[in-house]
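What follows is a short report on a single structure.
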Amino acid sequence: MTATPAFVPAQLVGRQAVLDTLDGFVRRLEDGVSDIAVVTGPVGSGRSAVLEWAVERARASGLVVGVARCSPRESQLPYGAITQLLGTLYRPSRIGALASGIGPTSRPTDTVARMCDTLLTLSAGRPVLLAVDDLHLADAHSLRRLVDLIHRARQGAVLAVVTSPVPVRQVLAAAGAQPAAPCPVHTLRLDALTTAEARGVVEARVGHPVQRSVLTAAGVAGWSPAVLHAVADRITALGRPLDTDAVPQLIAAARAVWSTRALTTLHGLPENVLALLRATAAGGHQLEPARLAALAGLDATAFADALDALRACGLFADTDIPRLRHPWFADDVLAGMTGPERDRLHRRATSLHGQEGARVGTVAELLGDVTSLVRSWTASDPAASSRPRHAADLTTASLRHSLGEPVPEAERARRLIRLAAAEAVTAPQAADGRLRQVMLRHLSRETWPDVLTAADLLLSRGDAETARWVIADVHQRALTKIPDEDLRPLRALGRLAHKEKGGLPLVAPPPIHSDRPGHPAQSAVLAWTLATRGDDRARVLELARTALDEPGSAPFMCRIAAARALLCADDVSAGLGRLEAVEADARRSDALAAAAQALLSRAEARIRLGQGEEALRELTAATRALPPASWHSLLAPRLAAAEILALIRCDRVDEARRASERARSRPEGHSVTTAFLLYARAELALIDRDAAHALLLLEECGRMLRAKRWHNPMLIPWRSAAAVAHHHLGAPATADDLLVQERDVAERWGTLSAFTALRARTHGALARNGVEVPWAAAGTDRSAQPSPSSPSLLSSRPAQDSLTATPDGTAAEPDPLTPSERDVAALVLAGLANREIARQLGLATRTVELRLTHTYRKLGVKGRAALVAHLRARQEDG
């Protein structure tokens with residue numbers, strides 16, 4: 001009996017459990033026991049390497065081994081796989097003699113079939129390992145014969161080891177090769193490697209240690225050994241120490257290997273699996289499972305089987321809603337279809353998206369999943385009722401038809417962009433695919449303006465994650481085709497996409513950014529970058545105004561960024577006016593997503609100004625331009641946050657709660673826009689008396705903003721809300737520190753007065769909805785007050801008296817105490833102990849102690865006796 005080989009190749013790191021199981025099967029085969037094992041795993045997981053190990057293990061034991069390696073090319077040849085098996089099991093002379101003895105037949109395939117039957121009989125009684133790699137790529141004739149061959153396990157000793165990313169039952173069912181009786185099958189799953197294992201694979205291949213950060217490249221394809229080998233080979237090819245600039249090249253190598261293997265896998269997928277994959281590439285995760293099944297033309301059973309197969313292959317993510325593991329793979333999938341096939345699929349996708357709106361005539365009905373803020377403003381909209389029905393359907397249908405005509409490349413790119421604009425409302429995923437197609441497949445000097453337009457529209461949809469890698473890819477390929485001057489707007493869009501979404505490095509080297517911009521688009525994005533950091537307000541104003549003075553030179557998203565920078569810099573009238581101009585220009589160009597983004601930015605500005613009703617009007621216009629269901633999951637959190645905050649500013653808290661619940665039911669991407677929704681939910685938590693939960697939300701909001709270097713409190717005053725939460729949790733010192741930090745940033749930025757007003761409006765809205773905000777009740781900016789020992793704060797008069805004039809004509813100092821603190825102080829003055837005060841006010845003793853502590857600090861007194869003395873002195877003075 002031969003022992004297991006001691007050497008385990010590097011590509012089998014992390015596979016020891018599977019190897020041990022296969023070794024046990026080989027030992028059982030030597031003892032005459034049959035088994036069937038299926039090695040499965042996602043794309044690039046090393047199935048072939050594990051099978052090769054099993055083959056070598058059996059040969060080392062002196063066993064008879066038959067091997068077949070299936071491929072897309074041989075899948076079209078009848079008996080291609082079974083012929084490979086016969087060629088490894090028997091000498092060519094024996095096969096030739098057998099073939100000559102059979103005699104002439106009507107068809108060559110009959111000869112092969114009879115040879116298989118004869119050889120099965122001749123080989124009975126011998127232990128045999130039958131190894132078939134990529135069973136899903138085998139032809140149907142071979143699959144049926146393989147089933148018969150494997151069933152010989154009942155007559156002799158056979159170990160059948162096959163690899164397949166797809167469940168074997170689905171492979172056999174598709175070929176009509178189901179076994180006559182059920183067979184026990186051992187499924188051996190190859191999972192993704194751990195971080196330590198992945199690092200070991202790379203270091204073993206390159207021959208030296210590597211930085212941990214290099215392994216982020218493997219994340220593009222799920223830590224598979226094949227991808228890790230590609231990364232290692234790229235490291236070796238570089239021939240120099242690794243640095244940050246090398247990471248994009250590693251990412252590109254990883255993606256190329258994964259895509260190649262994934263496309264190879266597609267050749268052997270059953271029809272129902274391919275149908276679901278293509279439907280997802282066209283319709284995306286915007287379609288719920290039932291509609292996705294309808295788009296693929298599958299019933300419930302076929303849909304479930306296809307979904308299981310795609311997840312097993314690693315082509316789908318392990319999420320509740322079916323979606324591709326990598327968004328960029330959608331282009332590869334659709335590229336493998338013919339033009340008519342793609343058009344038919346897109347027409348069906350559009351039809352499914354448009355079913356809800358086919359019978360309606362008003363904007364509110366057209367939106368389907370309409371929000372409360374839209375219902376309140378669209379009922380009386382005359383433009384809504386006059387909108388022609390099916391206009392979008394007619395436009396998209398005619399444009400799709402025109403794509404089948406032979407036209408120049410530039411004209412085709414323009415038609416694709418027009419079709420994407422028309423589909424943005426009804427089929428946003430399909431629209432995104434059109435835009436990516438323009439960028440990736442129509443890149444030339446003649447079509448360059450269209451490529452820039454497509455990049456702008458793709459980013460306006462909110463999918464900053466996809467936009468940033470597509471832009472980086474296009475920029476890399478355009479370096480040798482497009483003049484540098486013309487590349488600058490694309491670089492600006494790439495930088496803007498990177499600001500909205502972080503994550504792994506880009507697939508291609510990112511466009512080079514400069515802090516000395518030479519194009520209005522670059523000036524706009526640099527202005528927004530500096531504004532988010534709260535850095536150099538004077539330069540921000542100069543850059544933003546320069547960019548917006550040449551609106552025709554900058555893409556829509558760059559102009560929106562410049563206008564948002566003006567708003568952060570407290571140039572409100574100019575910022576709102578520029579956003580209005582962007583919206584008008586975007587509508588004229590049918591860029592509805594860009595128009596919606598401009599309106600959303602205007603709504604956010606209205607919220608900061610405390611104009612809740614005006615903000616709701618802006619949001620209504622935004623959702624009229626682009627229905628909520630068509631907003632990308634990476635942008636939807638900003639829309640939801642704006643709705644919640646606008647409703648709170650209008651004191652419509654119940655509606656704000658419902659809006660928050662609706663947002664939970666929608667998929668959310670992970671980007672900096674999530675911070676806006678976290679903040680809005682934190683305000684609701686404060687109103688609902690859950691300061692602890694509010695603080696958790698605010699801390700995560702602050703973490704996300706700091707990670708992107710968004711320090712400017714004019715964007716989100718999260719520290720102001722966090723100070724309120726700390727106050728309620730008994731940490732007034734922390735609250736004061738947060739207020740001072742926030743005020744210092746605003747002062748350095750140069751918008752102290754505007755920010756002080758913003759903070760007062762924020763605290764005022766909370767106070768109106770029942771949240772105890774001590775400095776809001778006093779009508780002052782707590783961070784701007786003198787120290788607690790200052791005599792100017794020593795007032796114990798009721799809040800309503802603090803705004804009256806003193807006898808000498810000067811304004812009385814506001815009372816720093818909250819109503820609850822004044823109640824406790826009055827009972828202390830009356831001589832009650834803490835426990836008695838707690839009993840009388842219905843509070844916990846600890847709460848009374850905390851309120852007294854706050855009172856001591858605010859009035860600058862030390863202890864109970866000093867407080868009583870101070871209060872009596874105030875009474876005498878009054």
Side-chain angles (χ1 to χ4, degrees), residues 42-43 165-167 169-170 173-174 222 262 265-266 269-334 337 341-342 344-359 367-370 423-433 461-463 465-466 627-637 640 661-670:
V43 171
V166 184
R169 63 176 178 81
Q170 295 189 33
T265 301
L266 299 188
L269 295 181
E271 285 301 319
N272 65 317
V273 180
L274 271 178
L276 178 58
L277 179 66
R278 290 169 174 173
T280 307
H285 63 272
Q286 298 286 348
L287 287 178
E288 59 187 21
R291 292 189 180 182
L292 195 56
L295 178 58
L298 304 177
D299 58 25
T301 302
F303 177 79
D305 287 344
L307 190 56
D308 290 343
L310 289 169
R311 285 173 175 163
C313 293
L315 301 180
F316 268 25
D318 295 327
T319 55
D320 294 336
I321 299 176
R323 62 189 304 174
L324 294 175
R325 179 171 293 278
H326 304 297
W328 40 261
F329 189 54
D331 280 331
D332 295 330
V333 173
L334 296 175
M337 303 171 64
E341 286 176 335
R342 282 195 298 269
R344 285 194 297 271
L345 185 61
H346 285 311
R347 280 196 295 270
R348 291 203 305 273
T350 302
S351 175
L352 287 171
H353 275 291
Q355 283 177 358
E356 287 184 353
R359 59 177 176 79
L367 299 183
D369 182 24
V370 67
E423 289 178 329
V425 174
T426 57
Q429 285 291 107
D432 291 351
R461 275 267 296 124
D463 188 1
E465 172 63 18
T466 300
S630 299
W631 289 64
H632 195 275
S633 60
L634 291 176
L635 182 59
E661 287 304 315
R662 281 195 301 273
R664 295 182 193 279
S665 65
R666 304 189 190 107
E668 291 179 15
H670 184 76

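The first residue of the sequence shown is numbered 1, and numbering continues consecutively from there. Hydrogens, waters and symmetry mates are skipped; everything else that's a heavy atom, side chains included, is used.
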For this session: Kindly give the heavy-atom pair with the smallest separation between Pro322 and Pro289, and that separation in Å.
Result: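 Scanning both residues, the minimum pair turns out to be CD-CG, 3.9 Å.
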
Problem set entry | Minimal non-hydrogen separation, Arg323 against Thr280, with atom names |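 So the minimum-distance heavy-atom pair works out to CA-CG2, 4.0 Å.
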
Exercise. Who pairs with Asp432 by side chain to side chain donor-acceptor pair (under 3.5 Å), at least two apart in sequence or on another chain?
Worked result: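 If we apply the side chain to side chain donor-acceptor pair (under 3.5 Å) test to Asp432, skipping adjacent residues, the hits are Arg461.
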
Exercise. CG/Leu277 to CG/Leu324 distance, rounded to the nearest 0.5 angstrom?
Worked result: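 Taking CG in Leu277 and CG in Leu324, the distance rounds to 6.0 Å.
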
Do any side-chain atoms of residues 300-314 form donor-acceptor pairs under 3.5 angstrom with protein atoms, and if so which ones, sequence neighbours left out?
residue : atom : partner : partner atom : Å
Asp305  : OD1  : Arg169  : NH2          : 3.4
Arg311  : NH2  : Thr319  : O            : 2.5

Exercise. Do Leu634 and Thr466 touch side chain to side chain, with heavy atoms closer than 4.5 Å?
Worked result: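 Heavy-atom side-chain distance check fails, nothing below 4.5 Å.
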
Problem set entry | Side chain to side chain, Val43 and Pro165, heavy atoms closer than 4.5 Å |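 No, every pair of side-chain atoms sits at 4.5 Å or beyond.
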
